[in-house]
Amino acid sequence: MPELSSAPSPSARPERPAPSRRSWHRRAARPVTWWMLALIVVVLVHPWIPQSRWLMVHMVTLGLITTSIMVWGQHFTEALLKPRLGDETRARQVTRIRLLTAGIVVTIAGMLPSWPWLVLLGALMVSAALVWYAIALGLQVKAALAPRFVFTVKAYIAAASLLPLGAVLGSLLAFEAGEPWQGRLLLAHQILNVLGFVGITVTGTLLTLWPTVLRTRIDLPVARRAAHGTTGMLIGVLGAVVGALLGSPMVGVIFLLAYAASFGWVVTTLVRLSIQSARQERTVPLPRFPLLSIAAGVAWFAVAQLGLLTLWWRHAGSPLSSSLLAADVQQLTAPFVAGFLLQVLLGAMSYLLPVTMGGGPRALKGSLGMMSRFATARVVAYNLVVALVVLAGADGTVADGVFSMLTLGTAQIADVGSWTRILLSLLGFVVLVSFLVLMMLAVRASVRLRRESLPTPGIGAPSASTPPASPAAPAPSATPATPATPATPATSASSASSASSKPPASPAESTVNRRALSGVLVGIGSVLGVTALGTSLDRSLGTGVGDDGAGVSPAGSVTPTGETTTIAVSMAEMRFSPDVLEVPAGDSLVIELSNDDEQDVHDLVLASGVSSGRLRPGESTTVDAGVIEHDLDGWCSIAGHRAMGMTLQVVTGERGSEHDHAANMTGADELARIPLDLQSAPGAEHTLYDARLPESSGPEQRLTLEAVDVPAEIAPGLVMDAMTYAGTVVGPVIRSELGARLTVDLVNHGAMGHSLDLHAGQVAPDQAMRTIAPGESLEYAITTDHAGAWPYHCSTMPMSVHVSAGMLGALIVPPAGLAAADREYVLVQSEHYLVPPGAPGAAETLHEGALPVSSAKIAAEQPDATVFNGHATQYLDAPLVAKVGERVRVWVVAGGPSRGVSFHVVGAVFGTVFKEGEYLLAPENENAGGAQVLDLASAQGGFVEMVFEEPGTYTAVNHSMVEMERGARALITVTD
């Protein structure tokens, strides 16, 4: 569908009037307002939203920024190229933006509950909208009537072509590719979207928008030379992406340097334009907020590029550089998003929105003035907040010095805790919300002044006496209806060139300068006041913030003893050793930390904010933890290591030698992840679940299942308040033959009503699956007419809670003619969601020391553990066994309540795959085919067969890596 159409002749139909264009802007930009309002709501309720950080970042980058780029990219293309567009193209432009909005919503809907295929669908919708947008701009370039500034539109097209690739890479992250690919994809995704799509678009726009806001001129040759910088930025992005995907810091740094140099080439021209504008005589001040906000955003973009270069270079030569950088690069979220993206967006909108509303010079002057109310105070306060938040998360003497300088020596990074961060963030949020308030007031002012219709010449639009712009010195317009920025006596090229020095300040200019100084003082004072209040609260309450925002327990007043406790700590195999450090209260703690792991990089972060920095294998360092006044948690901050149990605790009293990882949770957040110790053996009280398939019970079988509540360990040191069949998480394996009669007597010895659903049966659920009260029993009889690996579970509502609590199992019905196997095992995967200690509902447990099931985590789909046959490490401590040459059959059931399984055995190839009643891969098939996974959605089942050709230890896993890292893993020991 072509974007362009030939416009009718003036005699046939007059050109569409300006109000029609303003109407298009209102409809096209409406989603931007929706995203702003939605972002405010999410910021207010984000503690209760899963993946809230991801959501807020993408509401800004996709919702606000990408939508705005499509709206204003079209706007500037028309203003610069003057293509003749037919009326029907407006509807297509709005439809394109609606497609983008729908794609963003679908992406968010898939990401929050971790549905990767829905995330991919949303990414494809976003990509389709951007490809459509790029094609449309390309068609307008071909039909341009004034192609002098075509290089800006070509920059838009190149940048838009990068986002689809970045969106697809981002969607792949939802599939949890595992390291090092997870880190490489994340870094490439960020480079393409932030440096590529947004960075190049913004830079190309500033070549025309910046002189327009400054009301000065940019010569066409100068603009063309500066535009070469966007080409260099494009080359830099592509090369840096290659470096990220290859895991090569050297390649990445070289191309990032090329990107920064190209960006600097463009910025040099923008600075010269600023100087040129400052030398011009003018009677009306420039709109202050657009200038300050855009300039601050550009400065933050340069700082963020420098930070990215430094981080990447710091990890050059490390074998895990990609994954390390992916973790570290998240530190640049605030500079890129809050510092750069939001400020450039709001600065540009504060100028463009009044211009597109139109209404004449007086209305434009009034609305621009309203958008710039308290501009200096707002910009100073906001940028100081961003700087302090960024520095508070950094370490080193330089960060300490800059933080002290910005706070005029009134605070140090060590003083910053959770209260300081909350109050600073709240102040920054208030500044952002003020933009919406002023925007609404600007609209009201514009409407009121248009109604008054007073013909007073103003700024930003030509008066009746204003001469047209000279063709020799064209400048892009902020309004599509004007071919060039008007040349008033104060902004003409002649006056700019003849003014060798700025004239003495007029009374009006002196007033503006006094207001600006007052704004600076107000902005600085507000931030210093908030910082002082926050640090005072942090010191009095003893609260600090770790890398994940977890608070530290309040500390009492402890007098330093003057003594030093020195403890050597080793890091290896996802463990700190020792992991409990006993220190007398008031002693200074010095940790002699060494990384004794042969492969992995580790670090130590204490909840007080002290960090060791990353240590490569064989490296060591000394960590000065300071005076210990209260218990402190510590952990490794490398992605995934903390979740795998790499934690320690500093205690100030006598503690046992065993460390209960679950007890380390701060307990304030009911969705907080409970760390797992996946390196230890099961506890002494745990009984190994027999994974062998039972022998056949013949054509008639009757058995009893007793529902009973027990404390059950699902990972070392992690005990769940379990509801079970027969006392184990995952009930006993039931085997039945084709056509056999199976009768189950359900007896409820639990504390609440329970039921049973045998998936292999064909019965009306009204009676057979009804809930029975404690003390009651139920007979449930079926005929197993269909082969398969079937789950059984409790169907009492809330069903997800009962299944997560352990009420599930497997019913195996072998298919007809199934050949005998030397070994047959059954693995039932289940995921478990527990209330963190101290969170609401944690005390509502039936058994001391156990944690109840969390319905909130179930709803948010944030499991703590995903396990085979009820325990995360039982088959690591006691592996399944086989011999070389034996045919091993493994039956697999995805028990749920919600997750599926991608079953894989590392080092083996499946010669037979049977899923949901049919062979996907028949034994000894004519194609000599082999399979690598058995993919099952929740409640599906099947089996695989393999023959091991070499002795050794093989690992059976859920190849959805995040589930494996939550415990879905088993070893198979193969001997001769």
Side-chain angles (χ1 to χ4, degrees), residues 690-703 705 725 730-744 756-765 768-769 780-793 795 803 808-830 868-869 880 886-896 900-905 910-927 929-947 956:
D690 190 353
R692 292 175 297 177
L693 178 69
E695 295 292 333
S696 172
S697 298
E700 290 282 346
Q701 180 181 185
R702 191 177 190 115
L703 58 90
L705 285 180
Y725 295 117
V730 179
V733 176
I734 302 173
R735 175 172 178 170
S736 183
E737 304 303 318
L738 274 175
R741 188 67 174 171
L742 172 64
T743 303
V744 177
L756 178 64
D757 178 1
L758 297 170
H759 276 214
Q762 292 179 289
V763 294
M769 303 180 196
Y780 190 149
I782 63 171
T783 300
T784 52
D785 293 323
H786 300 280
W790 307 89
Y792 66 83
H793 59 84
S795 58
V803 174
L808 74 162
L811 167 56
I812 305 299
V813 183
L818 181 63
D822 298 293
R823 314 265 181 176
E824 287 192 84
Y825 296 111
V826 180
L827 295 178
V828 179
Q829 178 184 285
S830 57
F868 289 147
N869 291 351
L880 308 178
E886 289 183 334
R887 178 170 294 277
V888 178
R889 181 179 297 134
V890 181
W891 298 82
V892 184
V893 173
V901 60
S902 178
F903 184 74
H904 172 73
V905 177
F910 302 148
T912 303
V913 177
F914 182 90
K915 173 184 176 182
E916 289 291 277
E918 186 56 87
Y919 287 96
L920 299 184
L921 182 67
E924 300 178 359
N925 61 88
E926 61 182 11
N927 296 320
Q932 53 198 316
V933 296
L934 169 60
D935 58 318
L936 303 171
S938 180
Q940 290 188 321
F943 70 80
V944 295
E945 294 177 353
M946 69 210 87
V947 176

Participant: Tell me, do Tyr792 and Leu705 make a side-chain contact under 4.5 Å, heavy atoms counted?
Facilitator: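 A side-chain contact exists here, since the closest heavy-atom pair is under 4.5 Å.
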Participant: Determine, stepwise, if the pair Asp822 / Val888 fulfils side-chain contact (heavy atoms from CB on, under 4.5 Å).
Facilitator: CA-CA 6 Å; Asp822 298 293; Val888 178; 6.0 Å; no
Participant: Would you give the length of the straight line joining atom CG of Leu756 to atom OH of Tyr725, rounded to the nearest 0.5 angstrom?
Facilitator: 4.5 Å
Participant: Could you tell me which residues satisfy side-chain hydrogen bond (donor to acceptor under 3.5 Å, both in side chains) with His759, sequence neighbours excluded, listed by chain and number?
Facilitator: His793
Participant: Taking all heavy atoms of Leu808 and all of Gly895, pick out the closest pair and write down the distance.
Facilitator: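 What the structure gives for the nearest pair is CD1-CA, 3.6 Å.
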Participant: What are the two closest non-hydrogen atoms of Met769 and Val763, and how far apart are they?
Facilitator: CE-CG2, 4.2 Å
Participant: Distance from Ile812 atom CD1 to Trp790 atom CH2, nearest 0.5 Å?
Facilitator: 11.0 Å
Participant: Please find the pair of heavy atoms, one from Val826 and one from Asn869, that lie closest to each other, and give the distance.
Facilitator: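 Scanning both residues, the minimum pair turns out to be O-ND2, 3.0 Å.
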Participant: Donor-acceptor pairs are to be reported for all side-chain atoms of residues 929-946 against protein atoms at under 3.5 Å, with residues two or more places apart or in another chain.
Facilitator:
from   : atom 1 : to     : atom 2 : distance (Å)
Ser938 : OG     : Pro897 : O      : 3.4
Gln940 : OE1    : Ala937 : N      : 2.9
Glu945 : OE1    : Arg887 : NH1    : 2.9
Glu945 : OE1    : Thr912 : OG1    : 3.0
Glu945 : OE2    : Arg889 : NE     : 2.7
Glu945 : OE2    : Arg889 : NH2    : 2.7

Participant: For Tyr919 versus Pro815, what's the shortest heavy-atom pair and its separation?
Facilitator: OH-CG, 4.0 Å
Participant: Kindly write out the residues that satisfy side-chain hydrogen bond (donor to acceptor under 3.5 Å, both in side chains) with Trp891, not counting sequence neighbours, or none if the list is empty.
Facilitator: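 Residues passing side-chain hydrogen bond (donor to acceptor under 3.5 Å, both in side chains) with Trp891: Glu824.
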Participant: Which heavy-atom pair separates Leu880 from Ala691 by the least distance, and what is that distance?
Facilitator: CD2-CB, 3.9 Å
Participant: Side chain to side chain contact (heavy atoms under 4.5 Å, CB included) with Asp690: which residues, sequence neighbours excluded?
Facilitator: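 Partners of Asp690 by the side chain to side chain contact (heavy atoms under 4.5 Å, CB included) criterion, ordered by chain and then number, come out as Arg692.
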Participant: A side-chain contact here means heavy atoms from C-beta on lying under 4.5 Å apart; do Phe910 and Phe903 qualify?
Facilitator: yes
Participant: Would you mind writing out the side-chain donor-acceptor pairs for residues 730-743 within the sub-3.5 Å range, not counting sequence neighbours?
Facilitator:
from   : atom 1 : to     : atom 2 : distance (Å)
Arg735 : NE     : Glu737 : OE2    : 3.0
Arg735 : NH1    : Pro694 : O      : 3.1
Ser736 : OG     : Thr784 : OG1    : 2.9
Glu737 : OE2    : Ser696 : OG     : 3.0
Arg741 : NH1    : Thr783 : OG1    : 2.9

Participant: Glu886: which residues meet the salt bridge (Lys or Arg N to Asp or Glu O under 4.0 Å) condition with it, sequence neighbours left out?
Facilitator: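 Listed in chain order: Arg823.
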Participant: Could you tell me which non-hydrogen atom of Ala956 sits nearest to which non-hydrogen atom of Phe868, and how far apart they are?
Facilitator: O-CE1, 3.9 Å
